[in-house]
Amino acid sequence: MAEALLAIDDLRVQFDRGEDEVFAVNGVSFSIAEGEALGIVGESGSGKSVTLMSALGLIRENGKIMAGTAKFQGHDLLKMRPRQLEDIRGRDIGVIFQDPMTSLNPVMRIGDQIMESMLTHQYAGRREAFERTLQLLHEMGIPEPKARFRNYPHEFSGGMRQRIMIAIALACEPQLLIADEPTTALDVTVQMQILALLQEQRRKKQMSIAMITHDFGVATNFCDRIIVLYAGQIMEMADTRQFLRQPAHPYTMGLKNSIIEIGQRDRQLSPIPGMAPTLTEPPKSCSFASRCPLATERCRLELPALREISPNHHVACHRAEEVLAHAI
Amino acid sequence: MPSSPLLQVEEVSKRFRVQGRELHAVEKVSFQLDAGKTMGLVGESGSGKSTLGRLVLRLLDANEGRIVFNGQDITKLSPKQMRPLRRDMQIIFQDPQASMSPRMTIGAAIEDAMAIHNIGTKAERQKRVDELLERVGLPTVVKYAFPHELSGGQLQRVGIARALSLNPKLVICDEPISALDVSIQVQVIQLLQELQKDFNLTYIFISHNLAVVEYLSDQVAVLYLGEVVAQGPAEELFATPTHPYTQVLLQSILKMPEDTDKRQALTSIQGEIPSPFNPPSGCTFHPRCPFATDVCRQKKPERKLVGSQHSVTCHLAN
């Protein structure tokens with residue numbers, strides 16, 4: 001495997017809610033290799049966004065990083081001064097969010113917003129930045145770049161705004177792109193266009209992508225490796241191939257079974273009962289046990305460690321081998 | 001003679017005037033829906049599917065066409081005349097929190113609907129709140145909670161309980177699961193299914209999720225720029241998609257593959273839904289259609305039957 005571009009180790013994040021603390025990320029470790037596309041999948045509250053956003057210093061005010069390291073090219077992002085981090089963010093690490101309307105400046109021409117990122121990071125001079133902006137708009141599939149340069153965000157459709165966000169994120173040719181639910185708010189035909197665009201850019205630039213998503217379809221079709229998060233813990237981590245062939249965590253199985261596909265009108269649904277917990281103390285046992293059809297006494301008492309059950313396949317479940325053996 | 005359908009929508013059109021320009025939100029849509037059945041409406045944003053739901057409920061007035069509910073033409077009824085009928089027609093929204101007062105407890109919010117329609121005594125209504133909460137799978141103590149204290153899935157159950165409180169005949173489900181987590185979506189789908197069976201509910205299920213619509217619906221209409229481009233029995237419509245737009249929508253669904261070598265190619269059709277202010281000539285789908293010919297660019301296609309109940313609006317269908 002190629003060298004790790006970003007290595008997160010034992011990250012722990014807590015949020016202060018006044019009356020109590022929420023344990024949002026509970027000892028998460030993983031890395032992203034150069035050129036790799038990693039899918040980080042989870043439901044709301046699983047910590048999938050918080051994990052990466054806290055590493056980038058983009059965490060809400062009531063959030064605290066309690067422990068861990070997040071080494072980007074060997075340097076711990078968590079120990080950097082805000083200025084240093086700002087320098088890396090936007091230059092070496094690009095970020096795109098679900099809703100481009102809230103992250104774009106509504107009163108600034110989109111061309112200027114793309115240029116701004118190159119100018120602040122001293123990636124290019126004005127003339128060069130201008131030329132590159134036109135080039136980026138063209139690459140992003142925005143017709144008539146020269147004319148569109150002068151438009152404001154509201155003059156674009158949702159899909160086009162997401163393309164502009166991607167242009168900003170890619171302007172300084174980052175080594176890592178963090179895409180936080182980049183297609184969730186988009187229609188399916190537009191989702192395809194955006195994913196195709198990201199895939200093309202990734203191949204061209206040899207860029208790593210961390211794709212944060214709730215959608216297994218998006219993650220498994222796009223990514224090389226998948227991480228499933230639940231209650232701020234990694235439940236399963238595997239190459240996409242392994243993940244597709246032999247999922248070994250009951251939660252992964254449950255999520256898979258929750259997807260309804262075309263042509264399944266006669267299917268009986270078997271939903272995962274209950275809902276994901278909000279942890280107000282550190283997990284001491286399996287956080288999924290109360291919803292798990294396979295839970296035993298041990299699961300309710302003992303926290304399962306994330307262990308490697310076969311090469312590059314990690315699972316945090318006491319009964320992973322049984323899940324595999326019986327495909328239960 | 002078969003009994004008449006619960007709902008008949010006949011050639012209904014809705015146009016909005018926005019800044020002096022006319023927008024065709026819904027164009028000559030027709031369908032019939034029998035009691036206890038589900039009509040699915042699919043389409044991308046701006047296709048008019050939600051507007052159509054609101055027209056059926058008379059939350060919006062149609063410019064043309066007729067809406068017949070339970071044998072009665074309701075197209076021209078005044079708000080006052082509509083009032084007793086409102087009990088029979090309810091709606092569930094995508095974001096239940098937005099449709100609830102933040103200062104009202106869950107119990108009060110459910111009871112409120114019954115109180116407005118003068119149903120039962122206060123004690124009877126409160127008993128009914130308990131029954132409804134249990135029926136939708138929530139503990140009765142939830143009635144003392146405020147909306148912000150509940151999760152999205154719990155709130156959607158409350159939204160369903162509130163809609164059910166009046167014993168409606170027709171329930172419009174407008175993207176009821178879109179904002180929910182996958183594991184919660186299935187729970188809500190199952191609940192909607194059970195309730196339909198138990199209370200013989202008739203649903204109009206509006207969603208951009210084709211698979212869920214197929215799963216829940218008996219009939220489906222695919223909308224594009226306010227027009228129905230394909231309509232028919234759910235299974236047939238998706239098993240033999242005849243309209244190019246239905247095909248494109250199906251191809252755009254990213255399924256979890258069995259293995260990495262069976263992944264879908266990330267290829268897509270060009271363009272986006274055009275501006276409804278300025279719809280394309282001929283077939284409105286022609287600028288994005290991979291099969292478009294000259295006739296598609298010039299002439300509006302007629303509705304054609306391609307199965308006993310399956311129709312498409314496309315020149316190329318036969």
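Everything numeric here is computed off the predicted structure, so don't read it as measured data. Here is the naming used below: chain letters follow the sequence lines, and residue numbers restart at 1 for every chain.
Of residues 209-216 of chain B, those residues with a non-hydrogen atom less than 4.5 Å from any non-hydrogen atom of chain A are, in numerical order, B/Leu210, B/Ala211, B/Val212, B/Glu214, B/Tyr215. Proximity to chain B at a heavy-atom threshold of 4.5 Å picks out A/Ser157, A/Gly159, A/Met160 from residues 154-164 of chain A, in numerical order.
Between the side chains of B/Gln185 and A/Ser258, no donor N or O sits under 3.5 Å from an acceptor N or O. In the model, B/Arg288 has a side-chain atom that pairs as donor or acceptor with a side-chain atom of A/Thr189 under 3.5 Å.
When all heavy atoms of A/Leu244 and B/Thr260 are compared, the closest pair comes out as CD1-N, 3.8 Å. Of all the heavy atoms in A/Gln191 and B/Leu254, the pair that sits closest is NE2-CD1, 4.0 Å.
Side-chain contact between A/Phe222 and B/Gln264 is absent, with no heavy-atom pair separated by less than 4.5 Å.
Interface remark: A/Gln199 contributes side-chain atoms only to the contact with chain B (heavy atom separation under 4.5 Å). In this structure, the portions of B/Ser183 lying under 4.5 Å from any heavy atom of chain A include both its backbone and its side chain.
Heavy-atom contacts from other residues, nucleotides or ligands closer than 6.0 Å to CD of B/Gln19 number 12 or fewer.
Interface check for chain B: of the options A/Met192, A/Arg265, A/Arg245, the most heavy-atom pairs under 4.5 Å are formed by A/Arg265.
Side-chain atoms of A/Asn221 do not come within 3.5 Å of backbone N or O of B/Arg263 as any donor-acceptor pair.
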